[in-house]
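No experiment lies behind these values; they were computed from the predicted model shown. We count ligands from 1, going down the list as the structure has it; atoms in each ligand are counted the same way.
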Amino acid sequence: MIPINKPTIGEEERREVLEVLDEKSSLTSPSKDGGKKVRDFEQLLRQFLHVKHAIAVNSGTAALYSSLLALGLKYGEEVILPSFTFVATANAVVAAGGKPVFVDISKHRRDYNIDPHELKSKFTKKTRVILPVHLYGNPANLDEIEEYLQRYSDGSVFIVEDACQSLGSTYKKKQTGTFGTVGCFSMYASKVMTSGEGGAIVTDNDDIADRLRMIRNHGMVEGYDTRILGLNSRLPEMSAALAKAQMLKLPEMLERRTHNAKLMTELLLTSSDKVSNIDEHVILPEIHEVNKESNWYLYTLAFKKDGIRDNIQKKLVAEYKIGASVYYDPPVHKTPFYDEMVKMNSLKLENTDWASKHVLSLPVHPLVSDQEINFIASSLIEALSNQP
Ligand SMILES: Cc1ncc(COP(=O)(O)O)c(C=O)c1O
């Protein structure tokens, strides 16, 4: 099987993790600034993103939840977010006491991110946060979101970026996660770099950074002096050691993903003798998008025809052993828990619903070889040409 994602783990990671074990020092640190490996990792992340503060936590979910707490979100205040995302984005809002307000994604069927034009209809006096997700690593339209806020908000509405899938993606040459008041990252095992489980929050705001360091440690500063509400969101030293080694390899790993994505598109566009013109059947991801560079966390395409996606996916998995995967069907607002919540206002998200039934992601992670990309592209064409 060619899995949809696989961590690139080598000697560097082993060495870093063994150092933690061999030194027999702390496996974690409850001090405000975290343990040694946590601090090393945070410094590398800060340098990579060109931000003032990076705070490591133990998941992307914790990063989102802690950010909302740090911004002072109050019970019942509204957070505008897409439904076309992993459910963690919405769960963090609910856990922090906020009310999730789902907004549709763009109708341009290559951009699976929130449509800034839809913000107006969702904005109320209770709106406190806009939470764009850079889905699949594809940067959201940050300028338009910022512009909207400048025009219609009095400065009391924050942008929190869910950059859990987009470490290394850029918008107008600036890293995603560094546009909002805070940006949140995940280091879950499938992500472009990993510590198994883990996450990080970045910000240029000193006060918010201070609050975040407290929040990850039960709101304490010196121990047993809880000043604000927090939890245990500390990243263990062994995980931070992994994260440190992965950060050093990140540029190289991102380069390989870009290479694979470009090759996939090239092959799909040129080798489709069995399917006369692939563009007629499939919406390919944008490779040369102006102002946006993806980290290629996922290579996601969409089938134009209704009802063929699931068959093609099954075929790719069962016959060709390719880990083609669907992210996300159902979208969050159609999961039983959130469906119950949004039923009252009969929410309709047309583009989200369309995307959830048509998208398919293919493996382009750094361990996929050129030969395997060739195999994936030709298998997809084959599966497509066999559709009735
Ligand atoms: C868009 C998005 N948001 C939030 C999360 C939550 O991250 P984690 O799984 O590290 O808690 C993830 C990752 O799984 C994600 O993909």
Side-chain angles (χ1 to χ4, degrees), residues 3-7 38 41 45 54-69 79-96 98 100 102-103 105 111-114 129-140 142 159-169 176-177 179-180 182-202 212 215-216 231-236 239-240 242-243 246-247 257 294-300 325-333 335 338 352 355-356 359 361 365:
I4 187 71
N5 258 312
K6 188 173 179 181
V38 162
F41 159 66
L45 186 63
I55 297 100
V57 288
N58 52 24
S59 70
T61 310
L64 288 163
Y65 169 78
S66 307
S67 299
L68 296 171
L69 281 193
V79 177
I80 300 178
L81 76 164
S83 166
F84 202 48
T85 178
F86 180 52
V87 72
T89 319
N91 286 348
V93 173
V94 177
F102 295 109
V103 66
I105 56 171
D111 179 344
Y112 303 103
N113 289 320
I114 64 172
V129 174
I130 297 182
L131 180 34
V133 178
H134 305 293
L135 203 74
Y136 308 141
N138 181 25
L142 293 157
I159 296 176
V160 172
E161 289 176 76
D162 182 337
C164 284
Q165 301 187 357
S166 71
L167 180 58
S169 299
T176 56
F179 286 81
V182 292
C184 301
F185 295 92
S186 166
M187 300 189 288
Y188 176 66
S190 71
K191 299 297 194 268
V192 295
M193 57 78 72
T194 183
S195 54
E197 298 277 4
I201 309 144
V202 298
L212 285 166
I215 287 168
R216 78 171 161 192
L231 289 170
N232 171 6
S233 307
R234 297 184 297 264
L235 186 68
S239 302
L242 259 180
Q246 290 267 288
M247 271 316 291
R257 282 180 183 272
S294 175
N295 65 356
W296 295 106
Y297 168 56
L298 290 167
Y299 184 97
T300 303
S325 306
V326 174
Y327 305 94
Y328 292 92
D329 182 15
V332 176
H333 75 289
T335 60
Y338 286 96
T352 297
S356 75
V359 291
S361 300
H365 61 79

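For the side chain to side chain contact (heavy atoms under 4.5 Å, CB included) with Thr89, the lone residue among Thr61, Val79, Leu135, Leu131 that qualifies is Leu131.
A donor-acceptor pair under 3.5 Å is formed between the side chain of Asn295 and the backbone N or O of Gln165. Between the side chain of Ser166 and the backbone N or O of Ser169, no donor-acceptor pair lies under 3.5 Å.
Residues passing the ring-ring contact (aromatic ring centres under 6.0 Å, His included) test with Tyr136, sequence neighbours excluded: Tyr112. With sequence neighbours excluded, the residues forming a ring-ring contact (aromatic ring centres under 6.0 Å, His included) with Tyr338 are Phe102, listed by chain and number.
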Per-pair distances, ligand 1 N/O vs protein N/O, less than 3.5 Å:
| from | atom 1 | to | atom 2 | distance (Å) |
| --- | --- | --- | --- | --- |
| ligand 1 | 3 (N) | Asp162 | OD1 | 3.3 |
| ligand 1 | 3 (N) | Asp162 | OD2 | 2.7 |
| ligand 1 | 7 (O) | Ser186 | OG | 3.4 |
| ligand 1 | 10 (O) | Gly60 | N | 2.8 |
| ligand 1 | 10 (O) | Ser186 | OG | 2.7 |
| ligand 1 | 11 (O) | Gly60 | N | 3.3 |
| ligand 1 | 11 (O) | Thr61 | N | 2.9 |
| ligand 1 | 11 (O) | Thr61 | OG1 | 2.5 |
| ligand 1 | 14 (O) | Lys191 | NZ | 3.0 |
| ligand 1 | 16 (O) | Gln165 | NE2 | 2.8 |
| ligand 1 | 16 (O) | Lys191 | NZ | 3.4 |

Tabulate below the donor-acceptor pairs under 3.5 Å that side-chain atoms of residues 185-193 make, not counting sequence neighbours, or state none.
| from | atom 1 | to | atom 2 | distance (Å) |
| --- | --- | --- | --- | --- |
| Ser186 | OG | Tyr188 | N | 3.1 |
| Ser190 | OG | Tyr297 | OH | 2.9 |

